[in-house]
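Just so it is clear: chains get the letters A, B, ... in the order the sequence lines come, proteins before strands, and each one is counted from 1.
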There are 2 protein chains.
Amino acid sequence: MNGFLGTYYVNLDDKGRANVPAKFRTILEKDNNLNMVVCVMDDFLIVFPQDEWKLNEEKMNDLSAFDTADRNRLREFYSRADECEMKSGKVLVPSRLRKMAELNKEVVLVGMSRTFEIWSKDRWEKANPEFAEN
Amino acid sequence: MNGFLGTYYVNLDDKGRANVPAKFRTILEKDNNLNMVVCVMDDFLIVFPQDEWKLNEEKMNDLSAFDTADRNRLREFYSRADECEMKSGKVLVPSRLRKMAELNKEVVLVGMSRTFEIWSKDRWEKANPEFAEN
DNA sequence: TACGATGTGACTAATAGTGTCGAAAAGTGT
DNA sequence: ACACTTTTCGACACTATTAGTCACATCGTA
């Protein structure tokens, strides 16, 4: 298994849920890794499957919760994150993150091996014109 | 379980209570950890669930009660703290702390993994413009 | 005791999130 | 090209959560 690969155009449903492409779903289900952490990054969202998120979190352990600078870095990390879960083959993108990444109906899922990203179609095609389906 | 994550805009009710978001509530209820210690830190409040507070308190034991500098740090910490409890899904923010952190009606709860913070909306958005909802 | 200020519980309407299903679209094998 | 399977899409009804309000309880003080 090669992790998350490829680019998928999907539509959010009326409640902001994205249908997870079958290949992504298989990867998540394989390890019973249905929980994810979604995090705003620049212009798009990064989705960490639970296990992968834990790895990142461990790297933060050196930071002190009582040092202002460290605390700011921790906050930057945690405040932009939120949990979500794949249910009935779909993930609900938390509404605040949806707004921050300016996701409307049309979004793009981009595989990044151990994580995947969620872009608004507009931003994706602006950044990657070669994908634009005329 | 990933601890407190994400950013929630909530309004204090007429008596200064904040509705605890369902995800935070679940974490607190899981360990029957409905008691908390709230502490003024810089510009905002930090909420320690009881268990987490105990851990921090142990760390403070290293400081000497007979060293003036240590004593000052301890005093700074304890004097700005107060207890509170989640009741009917809400926490009453102690009024003295509310004033110190300049909380009005609109506040922001920010997950920090093992603790969470309470900010006034104004200060939060001043410090983190990217969160400003247009 | 009576009063004001503060804290608590209960309720309701509005909003947000969830499960299910069938039709449409995409992909597969012959 | 055709029939068949899998996947995606969108809609709808249903459940959970949230915001806000009101009535009542408690506490300290005069």
Side-chain angles (χ1 to χ4, degrees), chain A residues 4-30 34-38 45 47 81-101 103-111 116 118-121 131 133, chain B residues 2 4-30 34-38 45 47 82-101 103-111 116 118 120-121 133:
Chain A
F4 304 105
L5 290 179
T7 303
Y8 294 86
Y9 280 64
V10 308
N11 293 335
L12 301 186
D13 73 9
D14 53 349
K15 300 306 178 65
R17 288 179 295 181
N19 209 325
V20 180
K23 284 185 178 174
F24 285 14
R25 202 181 305 166
T26 309
I27 298 173
L28 294 167
E29 282 168 349
K30 178 170 60 71
L34 271 41
N35 288 89
M36 287 160 268
V37 175
V38 187
L45 305 180
V47 182
D82 203 344
E83 289 179 308
C84 67
E85 199 183 342
M86 188 170 68
K87 289 171 186 161
S88 318
K90 301 180 180 188
V91 285
L92 177 67
V93 183
S95 70
R96 175 152 297 276
L97 303 190
R98 224 153 57 214
K99 282 176 200 139
M100 290 176 76
L103 303 187
N104 298 307
K105 187 173 178 184
E106 302 178 306
V107 306
V108 181
L109 305 189
V110 186
F116 61 92
I118 307 180
W119 290 69
S120 84
K121 183 190 169 197
F131 276 89
E133 42 182 4
Chain B
N2 288 306
F4 304 104
L5 288 181
T7 304
Y8 294 85
Y9 280 62
V10 309
N11 294 336
L12 301 186
D13 72 11
D14 53 350
K15 301 306 177 64
R17 288 178 296 180
N19 209 325
V20 181
K23 283 183 180 173
F24 285 14
R25 203 180 304 165
T26 308
I27 298 173
L28 295 167
E29 282 168 349
K30 179 171 59 71
L34 271 41
N35 288 88
M36 287 160 267
V37 175
V38 188
L45 305 180
V47 182
D82 202 344
E83 292 178 307
C84 68
E85 198 183 343
M86 186 170 70
K87 289 170 186 164
S88 316
K90 299 181 179 186
V91 284
L92 177 67
V93 183
S95 70
R96 194 169 43 88
L97 303 190
R98 223 153 58 213
K99 281 171 200 141
M100 290 175 77
L103 303 187
N104 300 306
K105 186 173 178 185
E106 300 178 306
V107 305
V108 181
L109 305 188
V110 185
F116 62 91
I118 307 180
S120 85
K121 183 189 170 196
E133 36 186 7

Just one of [options] clears the side-chain contact (heavy atoms from CB on, under 4.5 Å) bar with [X], so which one?
X: B:Leu45; options: B:Leu103, B:Val107, B:Leu109; answer: B:Leu103
X: B:Ile118; options: B:Val10, B:Val110, B:Val47; answer: B:Val47
X: A:Leu92; options: A:Met86, A:Arg98, A:Glu85; answer: A:Arg98

[X] [atom1] to [N] [atom2], straight-line distance once rounded to whole Å:
X: B:Leu12; N: D:dT18; atom1: CG; atom2: C1'; result: 14 Å
X: A:Tyr8; N: C:dA25; atom1: OH; atom2: C1'; result: 16 Å
X: B:Leu92; N: C:dA5; atom1: CG; atom2: P; result: 17 Å
X: B:Glu85; N: C:dT6; atom1: CD; atom2: C1'; result: 16 Å
X: A:Leu97; N: C:dG17; atom1: CG; atom2: P; result: 11 Å
X: B:Leu109; N: D:dT18; atom1: CG; atom2: P; result: 10 Å
X: A:Arg96; N: C:dA16; atom1: CZ; atom2: P; result: 11 Å
X: B:Met86; N: C:dG7; atom1: CE; atom2: P; result: 18 Å

I'd like a table of atom pairs between the protein and nucleotides 24-30 of chain D - only N or O on both sides, under 3.5 Å - with the distance next to each one.
none

Could you grab the distance from atom [atom1] of [X] to atom [atom2] of [Y], nearest 0.5 Å is fine?
X: A:Phe131; Y: A:Trp119; atom1: CZ; atom2: CH2; value: 11.0 Å
X: A:Arg96; Y: A:Lys99; atom1: CZ; atom2: NZ; value: 6.0 Å
X: A:Lys121; Y: A:Tyr9; atom1: NZ; atom2: OH; value: 6.5 Å
X: A:Asn35; Y: A:Leu28; atom1: CG; atom2: CG; value: 10.0 Å
X: B:Met36; Y: B:Cys84; atom1: CE; atom2: SG; value: 5.0 Å

Q: Kindly state whether the ring of A:Phe24 and the ring of A:Tyr8 have centres lying under 6.0 angstrom apart.
A: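 A:Phe24 vs A:Tyr8: aromatic centres under 6.0 Å.
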Q) Can you list, by residue number, the residues of residues 18-28 of chain B that have a non-hydrogen atom closer than 4.0 angstrom to DNA chain C? A) none
Q: Mind grabbing the angle between the end helix axes of the helix from C:dT1-D:dA30 to C:dT30-D:dA1? Five pairs an end, 10° rounding.
A: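 If I round to tens, the end axes sit 30° apart.
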Q. Can you name the side chain to side chain donor-acceptor pair (under 3.5 Å) partners of B:Asp82, sequence neighbours left out?
A.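 Here no residue qualifies.
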Q | Residue list, side chain to side chain donor-acceptor pair (under 3.5 Å) with A:Arg17, at least two apart or on another chain | A |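 Side chain to side chain donor-acceptor pair (under 3.5 Å) check on A:Arg17 returns A:Asp13.
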Q.
I'd like to know if the side chain of B:Arg25 and the backbone of B:Val20 have a donor-acceptor N/O pair within less than 3.5 Å.
A. yes
Q: Answer with yes or no whether the side chains of A:Glu83 and B:Asn2 bring together a donor and an acceptor at under 3.5 Å.
A: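 B:Asn2 vs A:Glu83: donor-acceptor pair found between side chains.
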I'd like a table of atom pairs between the protein and nucleotides 9-13 of chain C - only N or O on both sides, under 3.5 Å - with the distance next to each one.
| unit_1 | atom_1 | unit_2 | atom_2 | d |
| --- | --- | --- | --- | --- |
| C:dG9 | N7 | B:Arg17 | NH1 | 3.0 |
| C:dG9 | O6 | B:Arg17 | NH2 | 2.7 |

